[in-house]
Every structure is written in C-alpha cells, then in structure tokens.
Amino acid sequence: MWLAYAFLSAITAAGVAIFAKLGLKGVDSTLATTIRSLIMAGFLILISLFLKKFQGFSFSSFSSRDWFLIILAGVSGALSWLFYFAALKYGLASRVVAIDRLSVVFVVLLAALFLGEALGWKTVLGALLMVAGAILIGLK
C-alpha cells in the first residue's frame with residue numbers, strides 16, 4: 001500500500017509544479033505559498049473531519065517531543081515551499097523539480113545518519129543516479 005501512496009504523492013507533486021508555475025506569472029511567490037498553505041490547511045481539516053480523525057483528540061494526546069518534531073516538520077515544510085515557489089517563479093519547472101527532488105538524496109543520507117537506515121550499494125548507486133539525472137536535466 002505504501003508504494004501506491006508514494007506514486008500518488010509523486011503524481012500530485014507533479015501537479016503542484018505545473019499549476020504553481022502557471023499561477024505564479026503575476027503573483028508574488030511568498031504570497032502564493034501562503035495562500036496555497038491556507039487552502040491546504042482547510043482541505044486537510046475537511047478531510048480529517050470527514051474521516052473522523054479528530055475523535056478522541058486533545059492537545060495532550062501528543063507528547064512535548066511529538067509537538068516539537070511536528071512543529072519542526074511544519075517549519076521545514078513551509079521553508080521548503082517558500083524556496084520551491086520562488087524557484088518556480090524564476091526558473092524552468094523541469095529544472096526546479098529536478099533539483100528539488102534531490103531531497104530524496106538528502107533523505108537517504110539523513111535517514112542513515114539519524115534513523116540508522118541501511119546505506120547499501122543499491123541505495124548509494126540509486127542516489128548517485130538521481131544526482132546524475134538532476135545534473136543532466138539542469139544542463140538543458
């Protein structure tokens with residue numbers, strides 16, 4: 001099931017790049033990112049309500065560590081989207097996305113460092129191929 005979700009994530013992320021590039025022509029990228037985030041928050045609240053994810057929820061349901069890490073993830077995501085939309089506004093979508101997807105390489109390295117995930121030869125080779133692909137797309 002994770003694989004299906006991962007592919008759906010990739011497909012919908014491609015939509016973000018295309019729709020954002022088209023929509024950023026005459027709009028400030030920071031304002032566009034902010035509005036996008038508000039739309040996302042509203043959409044996610046509706047989905048969570050529909051799926052009854054708030055049943056039994058209270059702010060004390062999460063530990064202080066959970067809150068800290070979720071806040072860090074939120075800030076990191078917000079910064080990522082601010083930079084992404086700024087790059088999309090001024091760069092070619094294909095180049096921006098190729099560089100942005102190098103986040104996979106960073107995740108592989110950080111997951112090995114902080115999560116103890118294995119760094120086998122296949123993983124290293126795959127990461128190197130991603131770097132090579134980003135370079136080739138960026139050389140247009």
Side-chain angles (χ1 to χ4, degrees):
M1 194 62 172
W2 69 267
L3 191 56
Y5 287 140
F7 274 109
L8 289 170
S9 173
I11 291 165
T12 54
V16 172
I18 301 305
F19 298 139
K21 181 66 179 177
L22 291 171
L24 283 170
K25 283 190 168 68
V27 179
D28 177 75
S29 63
T30 300
L31 180 60
T33 304
T34 303
I35 291 169
R36 176 191 166 276
S37 297
L38 292 171
I39 292 166
M40 282 179 51
F43 179 78
L44 290 170
I45 288 169
L46 289 174
I47 293 294
S48 292
L49 288 169
F50 178 76
L51 296 175
K52 300 179 178 163
K53 298 295 182 177
F54 286 110
Q55 285 183 341
F57 170 78
S58 73
F59 286 101
S60 62
S61 299
F62 295 177
S63 70
S64 57
R65 180 180 186 275
D66 294 336
W67 278 112
F68 178 70
L69 293 171
I70 290 168
I71 289 168
L72 283 179
V75 170
S76 183
L79 287 171
S80 170
W81 282 107
L82 283 170
F83 296 137
Y84 183 69
F85 268 46
L88 276 174
K89 182 166 179 77
Y90 301 110
L92 295 175
S94 58
R95 288 181 177 175
V96 169
V97 172
I99 299 300
D100 177 70
R101 294 310 180 253
L102 287 177
S103 62
V104 174
V105 175
F106 292 115
V107 169
V108 165
L109 296 172
L110 294 172
L113 186 64
F114 293 108
L115 303 176
E117 293 186 9
L119 253 185
W121 73 269
K122 291 177 189 175
T123 303
V124 171
L125 179 60
L128 290 173
L129 289 171
M130 287 180 194
V131 170
I135 291 170
L136 289 173
I137 291 171
L139 290 176
K140 280 187 178 179

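Both backbone and side-chain heavy atoms feed into the values below; hydrogens, waters and symmetry mates do not.
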*Asks:* Could you go through the side chain to side chain contact (heavy atoms under 4.5 Å, CB included) check for Tyr84 and Val97 one step at a time?
*Replies:* CA-CA 8 Å; Tyr84 183 69; Val97 172; 3.4 Å; yes

*Asks:* Quick one: pull up CG in Asp100 and CZ in Arg95 and give me the separation to the nearest 0.5 Å.
*Replies:* 15.5 Å

*Asks:* Under 6.0 Å between the ring centres of Tyr5 and Trp2?
*Replies:* no

*Asks:* Hydrophobic clustering (ILVMFWY, side-chain heavy atoms < 4.5 Å, transitive) - are Ile135 and Leu129 grouped together?
*Replies:* no

*Asks:* With side chain to side chain contact (heavy atoms under 4.5 Å, CB included) as the criterion, how do Val96 and Leu92 come out once you've worked through the C-alpha distance, each side chain's angles and the decisive distance to 0.1 Å?
*Replies:* CA-CA 6 Å; Val96 169; Leu92 295 175; over 6 Å; no

*Asks:* Taking atom CZ of Phe54 as the centre, report whether more than 12 heavy atoms of other residues, nucleotides or ligands fall under 6.0 Å from it.
*Replies:* yes

*Asks:* Would you check if Ile47 and Phe43 make a side-chain contact, meaning some heavy-atom pair closer than 4.5 Å?
*Replies:* yes

*Asks:* What heavy-atom pair brings Ser29 and Ala86 nearest, and what distance separates the two atoms?
*Replies:* OG-CA, 3.6 Å

*Asks:* Do Ile70 and Phe68 share a hydrophobic cluster (ILVMFWY, side-chain heavy atoms under 4.5 Å, transitive)?
*Replies:* no

*Asks:* On a heavy-atom basis, which atom in Lys89 and which in Leu24 lie closest, and how many Å separate them?
*Replies:* NZ-O, 2.8 Å

*Asks:* If two hydrophobic side chains count as joined below 4.5 Å and joins carry through other members, does Ile45 share a cluster with Phe59?
*Replies:* yes

*Asks:* Under a 3.5 Å distance rule, please check whether Asp66 uses its side chain to pair with a backbone N or O of Ser63 as donor and acceptor.
*Replies:* yes

*Asks:* Pair up each side-chain donor or acceptor in residues 110-121 with any protein partner under 3.5 Å, not counting sequence neighbours, and list the distances.
*Replies:*
none

*Asks:* Could I get the full list of side-chain contact (heavy atoms from CB on, under 4.5 Å) partners for Ala93, not counting sequence neighbours?
*Replies:* Lys21, Leu88

*Asks:* Just by modelled atom types, is the Thr33 backbone N or O under 3.5 Å from a matching donor or acceptor in the Ser37 side chain?
*Replies:* yes

*Asks:* Can you say whether the rings of Phe62 and Phe57 are parallel (under 30°), tilted (30 to 60°) or perpendicular (over 60°)?
*Replies:* perpendicular

*Asks:* Any non-hydrogen side-chain atom of Thr30 less than 4.5 Å from a side-chain atom of Phe85?
*Replies:* no

